[in-house]
Amino acid sequence: MVESSIVRYYLRKLVIAALVIVVVVWVVTPFIISMLYAFSSKDDYYSPNIIIPIHYTIQHVKMLLDLGATQAIINSVIVAVITILLSFALGLPAGYAFAKFAFKGKDSLKLLIIGLRMFPILVIAVPLVTLYIRLGLNDTLLGVALAHTSMALPFVIIISSSIFAGVPKELEEAAMIFGLDRKGAFFRITMPLALPGLAAAAIFTFIMSWNEVFIASVLTLTHRTLPAFILTSAMAAPDFIKFAAGFIMILPAMIFVFIARKYLITMWGITLK
Amino acid sequence: MVDVHLKGIVKRFGKTIAVNGINLDIRDGEFIVLLGPSGCGKTTTLRVIAGLEKPDEGRVLFGDRDVTYLPPRERNVSMVFQSYAIWPHMKVYDNIAFPLKIKKFPKEEIDKRVKWAAELLQISELLDRYPHQLSGGQRQRVAVARAIVVEPDVLLMDEPLSNLDALLRVKMRSELKKLQRRIKVTTIYVTHDQVEAMTMGDRIAVMNKGKIQQVGRPDEIYLRPANVFVAGFVGTPQMNFFDATVEIKDDEIILDASDFKVRLPKDYLPVLQEYNGKTVIVGIRPEHIYPEGHAPTTAKKLSWVEGTVDFVEALGSDTILHLNTGSMILVVKISGSHRYEIGSKVKVALDLSNIHVFDKESQVSLLYKRQRGVQ
């Protein structure tokens with residue numbers, strides 16, 4: 001009896017470990033492959049006898065950067081930053097209102113905001129372009145940022161409302177009793193407490209904007225963001241250039257996620273101690 | 001320090017009326033307790049006084065200053081919240097200093113006052129810590145220190161002790177009361193705990209369903225409850241209630257309670273005269289029923305009832321008997337530890353000078369209505 005329970009115990013552990021390995025491999029392999037081939041020399045890449053490259057070079061990455069990826073990265077960062085500023089400026093007050101006040105139609109309004117995300121971007125792409133041409137916003141970074149803001153806004157509203165709801169209302173009320181008005185209580189009490197969660201939401205918004213390719217490609221011609229630039233330039237190039245492009249795309253996202261890890265966990269209501 | 005007057009306060013949330021016409025005059029430096037079950041409107045009343053809620057009707061006066069429409073920060077009130085509401089991102093020192101900083105006190109004055117409050121509440125060595133490093137009792141003290149540091153006109157407390165464990169609660173009870181006596185601030189204290197109310201309040205306002213049922217000193221509330229609700233809410237175990245028909249023959253008053261009859265002394269006559277033949281609610285507290293041999297010598301007018309022991313609660317300091325008299329249970333409290341067999345017959349005496357009679361319809365105390373006409 002004892003023996004069989006030991007066997008069962010270890011068998012169970014083994015199965016779980018195997019499943020974990022499968023999942024990890026599934027996720028990590030594309031990263032590793034794209035990193036390896038991004039820096040692989042041309043000969044190693046095309047050699048049928050070599051799977052893992054032996055000679056490495058930064059030439060592909062460098063070439064991409066020289067060909068306009070540098071400007072595209074700068075464009076992408078500008079768009080992402082404007083997106084964060086706009087979506088937070090518009091989204092935080094809405095999130096706060098959803099979190100702290102009871103008003104008529106609150107639930108249906110919330111549903112409506114999430115419902116906005118149901119429309120495929122494809123559907124609004126053409127009208128958006130004609131509208132932008134009329135407004136003179138076509139091929140501008142502000143135009144892309146506005147489109148990204150509209151995509152990020154529902155997310156920012158819903159997430160920030162749950163973050164604000166997590167700050168007990170007594171903390172604000174105490175601040176109001178001890179001498180602040182609601183605005184003061186928001187900036188001195190609620191904001192500092194919500195900051196880690198909001199930082200995580202900002203990073204999410206950044207990555208969304210960084211990765212968004214369709215709208216960025218449709219709305220810009222000369223002022224490409226990085227994904228749009230890669231789509232239109234690198235996709236016609238040899239494979240190792242594509243891998244190099246992929247690497248440039250992944251890197252910032254990975255750095256951000258690495259920094260944000262701690263905050264991401266608090267964002268969903270579990271605090272890492 | 002100021003006196004507080006509530007004039008016809010009404011507060012509705014949607015269709016529910018939380019506070020339904022409250023009038024209350026609170027004296028300068030008084031410790032008044034709003035006592036009632038959850039949902040009776042006591043916390044809403046407190047929040048109206050604080051300015052966190054605007055009343056739909058009525059006015060709040062601090063002295064002769066009408067503060068009804070002033071925001072909380074312009075009222076010079078302080079509040080201790082049930083959850084303490086200490087700001088987690090500030091150290092204890094900054095928590096206590098915060099109200100002073102907002103009011104732009106000079107630095108030395110802030111420091112002096114924070115240290116004074118910390119010393120008063122014995123938290124001087126905790127000033128450098130963050131709230132999450134404190135125990136519940138310590139957080140409580142920080143919340144109180146923050147509330148008194150500004151020398152408020154009115155100190156509001158919303159069930160401040162309910163999150164503490166039983167021993168600490170008893171200790172803080174006397175400490176808070178002593179503190180209030182020392183700094184003489186008008187204090188409004190909300191609780192559902194009748195023991196807290198009885199021990200701390202100069203006066204108690206018992207509330208139910210958004211209305212004040214009775215206001216009075218703790219002993220008045222206890223000895224002369226205004227209605228069935230107050231009589232039942234204050235006192236443990238709860239007062240015994242039973243229906244009885246009043247029969248007046250010549251000079252004799254008999255309360256017929258189906259299981260037994262109680263012959264009342266003649267001095268009840270003026271109160272019960274008009275109730276001849278009608279049903280009233282009779283109330284008597286468990287400690288005013290004495291088993292044979294336990295009647296105090298001072299109790300003169302007794303009426304005897306027999307019952308079977310249904311259940312015994314041996315609390316050590318007291319013994320509580322549940323006595324079945326046929327169709328109802330009489331709860332009897334005897335001080336000290338005594339042994340009773342379940343199922344055994346016990347004769348008990350009702351102390352007729354401590355009996356309460358209530359109108360069946362309005363549930364109002366007939367004796368209270370007559371304002372101490374009968375004792």
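Source: prediction; values computed, not measured. Letters go in sequence order (proteins before strands), and every chain restarts at 1.
Taking a 6.0 Å sphere around OH of A/Y10, one finds it holds 12 or fewer heavy atoms contributed by other residues, nucleotides or ligands. Counting heavy atoms of neighbouring residues, nucleotides and ligands inside a 6.0 Å radius, atom NZ of B/K54 exceeds 12 of them. At most 12 non-hydrogen atoms from other residues, nucleotides or ligands lie less than 6.0 angstrom from CG of B/D64. By the 6.0 Å contact criterion, CZ on B/R65 is enclosed, its count of non-hydrogen atoms from other residues, nucleotides or ligands being greater than 12. Within 6.0 Å of the OH atom in B/Y69, the count of heavy atoms belonging to other residues, nucleotides or ligands does not exceed 12. No more than 12 heavy atoms of other residues, nucleotides or ligands lie within 6.0 Å of NZ in B/K209, so this atom counts as exposed by the packing criterion. Atom CD of B/E119 has 12 or fewer neighbouring heavy atoms from other residues, nucleotides or ligands inside a 6.0 Å radius. A/F101 CZ: more than 12 foreign heavy atoms inside a 6.0 Å radius.
For a residue to count as touching a neighbouring chain, one of its non-hydrogen atoms must lie under 4.5 Å from one of that chain's; by this rule B/R47 touches chain A with the side chain only. Using a 4.5 Å cut-off between heavy atoms, B/S78 contacts chain A through both its backbone and its side chain. Looking at A/L171, the atoms closer than 4.5 Å to chain B (heavy atoms on both sides) sit in the backbone and in the side chain alike. Both the backbone and the side chain of A/A175 come within contact range of chain B, with heavy atoms under 4.5 Å apart. Neither the backbone nor the side chain of B/L100 has a heavy atom closer than 4.5 Å to any heavy atom of chain A.
Rounding to the nearest 0.5 Å gives a distance of 9.0 Å between CZ of B/F81 and NZ of A/K169. With values rounded to the nearest 0.5 angstrom, A/R188 atom CZ is found 8.0 Å from B/K101 atom NZ. B/R73 contributes atom CZ, which lies 15.0 Å from atom CZ of A/F178 (distance to the nearest 0.5 angstrom). Within the model, atoms CD of A/E173 and CD of B/E53 stand 7.5 Å from one another, a figure rounded to the nearest 0.5 Å. Rounding to the nearest 0.5 angstrom, the gap separating the CZ atom in B/F98 from the CD1 atom in A/I189 is 4.5 Å.
Summarising the geometry of A/P192 relative to B/H89, their closest heavy-atom pair is CB-CD2, 3.6 Å, with the distance given to 0.1 Å. Scanning both residues, B/P88 and A/L193, for their nearest heavy atoms gives CG-CD2, 3.5 Å. A pairwise comparison of heavy atoms in A/I177 and B/L52 identifies CD1-CD1, 3.9 Å as the closest pair.
Using a 4.5 Å heavy-atom threshold, the side chains of B/P71 and A/D181 count as separate.
Annotation: maximal heavy-atom pairing with chain B below 4.5 Å, among A/E170, A/R182, A/M176, occurs at A/E170.
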